[in-house]
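Structure record follows, encoded as structure tokens.
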Amino acid sequence: MDFGPLLLLAILEGTVTAAVLALTAVGLSLTFGIMRVVNVAHGEFFMLGAVLAWFVSQWFPDAPLLAFLLAMVICPLVVAGVAVLADVLILKRLNYEPEATIVATIGLLYIFQQAALSFFGPNARPVAPPFNFRVQLPWFGYSGYKLFVILAAGVLLLLVWLLIARTKIGLVMRATQIDRTTARAFGINVDRVYAMTFGIGAGLAAIAAVLVVPIQQAHYLMGGDPLLLSFIVVILGGLGTLRGTLIAALLIGLLDGLLSTAFFFPPTFAKIMATLLVALVLVFRPEGLFGRRTA
Amino acid sequence: MPPFRPPISGGRHERALVAMGAVMLRVSAIHAGYGPVQVLNGLTLEVSEGEVLCLMGRNGAGKTTLLRAIMGLIPLTGGEVMLDGEVISTLPAHEVPKRGVGLVPQGRRLFGDLTVAENLEVGLMTRGRGARVRDHVLTLFPRLRERLSQVSRTLSGGEQQMLAIARALCLEPKVLLLDEPTEGLQPSMIALIRDTVRDLKATGVATILIEQRVDVALSVADRIGFVSAGAVAEVAEAAALTATAPQFQTYVGV
Ligand SMILES: Nc1ncnc2c1ncn2[C@@H]1O[C@H](COP(=O)(O)OP(=O)(O)OP(=O)(O)O)[C@@H](O)[C@H]1O
Ligand SMILES: [Mg+2]
């Protein structure tokens with residue numbers, strides 16, 4: 001393949017990675033921004049979404065589209081429910097102390113992994129894509145489903161933005177983020193906002209996984225990469241800025257696409273580069289590329 | 001200026017205009033503090049409909065802590081708070097404002113990244129108030145109407161204080177708690193706040209005003225309570241005090 005088409009392919013692949021990453025990272029960014037909880041189990045919510053999507057696909061082996069649509073609804077709801085329980089039963093009781101919540105979410109990480117291992121098994125399992133058409137470009141054919149993933153992620157991110165910026169729920173979440181004591185003094189049930197935020201954050205990771213699982217198989221250890229990359233994106237973008245998170249996700253996704261597709265570096269290389277980028281940002285712009293300086 | 005719609009039913013409103021009404025907020029022998037530190041030691045007070053109770057006291061006497069305790073933001077270790085006949089000190093904190101207690105916190109504590117309109121919206125949501133109340137509040141503070149889409153962090157100090165008061169009025173409060181609203185403001189702004197408190201009083205709102213300035217306290221208060229060491233040491237009718245009264249020297253140090 002010539003370099004031009006190869007570059008286009010790399011950009012497409014990178015955009016798919018970026019789209020899924022953006023959804024996952026926005027979830028992490030919301031829980032950190034609003035609750036100040038560093039959720040180490042975020043990648044496991046992603047994994048749970050993928051594993052649940054596989055189970056849903058087994059109910060309708062002959063109707064992948066139906067299974068996919070069902071999974072898009074069921075998986076994020078179930079995972080959000082699990083997250084709400086984790087918040088109410090564990091994080092709330094720890095008073096959201098930063099150190100305690102980190103330890104607790106590490107514990108959750110192992111609990112979810114072991115649960116998945118027990119119920120789902122150690123093997124990677126594929127989920128059939130809901131449809132199979134290929135878009136034929138002059139130089140190569142490209143998966144129509146991957147293009148759909150980009151579109152779907154874009155729509156979902158737009159919905160998240162609308163929720164935060166344009167609805168009363170979003171206003172309540174932002175007020176709580178800014179000053180939770182004053183929010184309480186104006187009738188905001190902070191406990192409920194936190195439970196909801198943790199649920200939405202986990203649900204976003206789960207829905208990203210449902211989108212990704214027809215491309216990448218479901219596996220009980222698949223949560224590590226999304227966790228690492230989401231952290232990278234959130235730190236790069238600046239904590240609590242939705243726009244920064246999106247731009248950083250695009251940056252990391254494209255970096256990954258270019259390095260591994262156009263320049264044939266092993267996939268680990270992109271991660272090393274991304275981590276290096278984070279280190280540089282932390283040194284020179286600790287508030288993130290798009291975060292507001294607070295000091 | 002149109003009269004502020006009272007947060008209470010019509011009949012009681014009419015009476016409130018004539019004379020002070022029934023006790024609206026009663027704080028009975030409350031104890032509270034932060035962790036092991038006891039700040040309030042059996043503090044007792046009451047405020048009636050249409051009454052302005054000024055609280056004065058030295059820095060650290062526990063005035064702000066009292067307001068936090070009334071709002072349910074810190075737990076009581078003794079005593080109780082009653083609003084309009086209902087015990088509110090056993091409610092979760094977010095239920096207290098829903099019963100009609102509006103707070104103007106010390107240092108304003110606006111939601112700084114939110115716009116003026118969004119800050120007001122948070123206040124309106126507390127008790128499900130809508131366009132009528134919003135419009136009324138903006139009539140009281142026309143400068144806010146010109147700045148609805150401005151991020152509140154960028155308002156001037158005086159405008160921020162107007163917004164903090166406006167946000168509390170969006171609840172149509174039965175009880176309004178003002179914590180040093182005149183702190184750091186110029187005389188014309190202080191006059192505006194004083195007039196606002198007077199207008200609210202006429203509509204039957206029970207007000208607790210924490211104030212360091214003797215002249216402001218004497219000009220709006222019905223009674224002045226002196227807070228010392230986490231309790232109300234003395235309460236006096238404002239009409240019976242002058243600026244040179246010994247209480248100010250004893251409890252405020254001016
Ligand atoms: N969050 C807190 N944690 C621990 N102690 C606190 C806290 N807030 C206030 N205190 C202490 O409680 C005491 C009373 O403080 P408070 O803010 O109620 O005083 P105040 O009368 O409002 O003073 P000022 O006139 O300076 O506003 C002080 O000794 C203060 O140090
Ligand atoms: Mg104070």
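Below, read A as the first sequence line, B as the second, and so on, with proteins coming before strands; counting in each chain starts at 1. Side-chain atoms are counted along with the backbone in the values below, which use heavy atoms only and exclude waters and symmetry mates.
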(message) Are there over 12 heavy-atom neighbours, none belonging to B/Arg26, within less than 6.0 Å of that residue's CZ?
(response)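 No - once you tally the heavy atoms of other residues, nucleotides and ligands closer than 6.0 Å, there are 12 at most.
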(request) Count the heavy atoms of every other residue, nucleotide or ligand shown that sit under 6.0 Å from CG of A/Leu162, and state whether that count exceeds 12. (result)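 Result for CG/A/Leu162: enclosed.
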(request) Using the test side chain to side chain donor-acceptor pair (under 3.5 Å), find all partners of B/Arg109 that sit at least two apart in sequence or belong to another chain. (result)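 If we apply the side chain to side chain donor-acceptor pair (under 3.5 Å) test to B/Arg109, skipping adjacent residues, the hits are A/Asp179, A/Thr182.
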Closest non-hydrogen atom pair, [X] against [Y]:
X	Y	result
B/Ala93	A/Arg184	CB-CD, 3.8 Å
B/Pro97	A/Gly187	CG-N, 3.2 Å
B/Gly112	A/Ile178	N-CG2, 3.9 Å

(request) Indicate yes or no: at least one non-hydrogen side-chain atom of A/Arg174 is less than 4.5 angstrom from one of B/Asp113. (result)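 No, their side chains stay 4.5 Å or more apart.
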(message) The criterion is salt bridge (charged side-chain N to carboxylate O under 4.0 Å, His left out); which residues satisfy it with B/Glu95, sequence neighbours excluded?
(response)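 By the salt bridge (charged side-chain N to carboxylate O under 4.0 Å, His left out) rule, B/Glu95 matches B/Arg99.
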(request) Find the distance between CD1 (B/Ile74) and OG1 (A/Thr181) and round it off to the nearest 0.5 Å. (result)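 The OG1 atom of A/Thr181 is 11.0 Å from CD1 of B/Ile74, to the nearest 0.5 Å.
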(request) Heavy atoms only, distances under 4.5 angstrom: which of B/Lys98, B/Glu118, B/Glu121 has the most pairs with chain A? Name it, please. (result)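 Option with the top pair count is B/Glu118.
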(message) Can you list everything that forms a side-chain contact (heavy atoms from CB on, under 4.5 Å) with A/Ala185? Sequence neighbours excluded, please.
(response)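 Checked A/Ala185 against side-chain contact (heavy atoms from CB on, under 4.5 Å); matches are B/Met71, B/Leu73, B/Leu103.
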(request) Let me know if B/Val122 has heavy atoms under 4.5 Å from chain A in its side chain, its backbone, both or neither. (result)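 Answer is both: backbone and side chain atoms of B/Val122 are under 4.5 Å from chain A.
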(request) Output the residues of residues 188-204 of chain A for which the shortest heavy-atom distance to chain B is under 4.5 Å, in residue-number order; output 'none' if no such residue exists. (result)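 Residues A/Ile188, A/Asn189 are the ones that qualify, each having a heavy atom under 4.5 Å from chain B.
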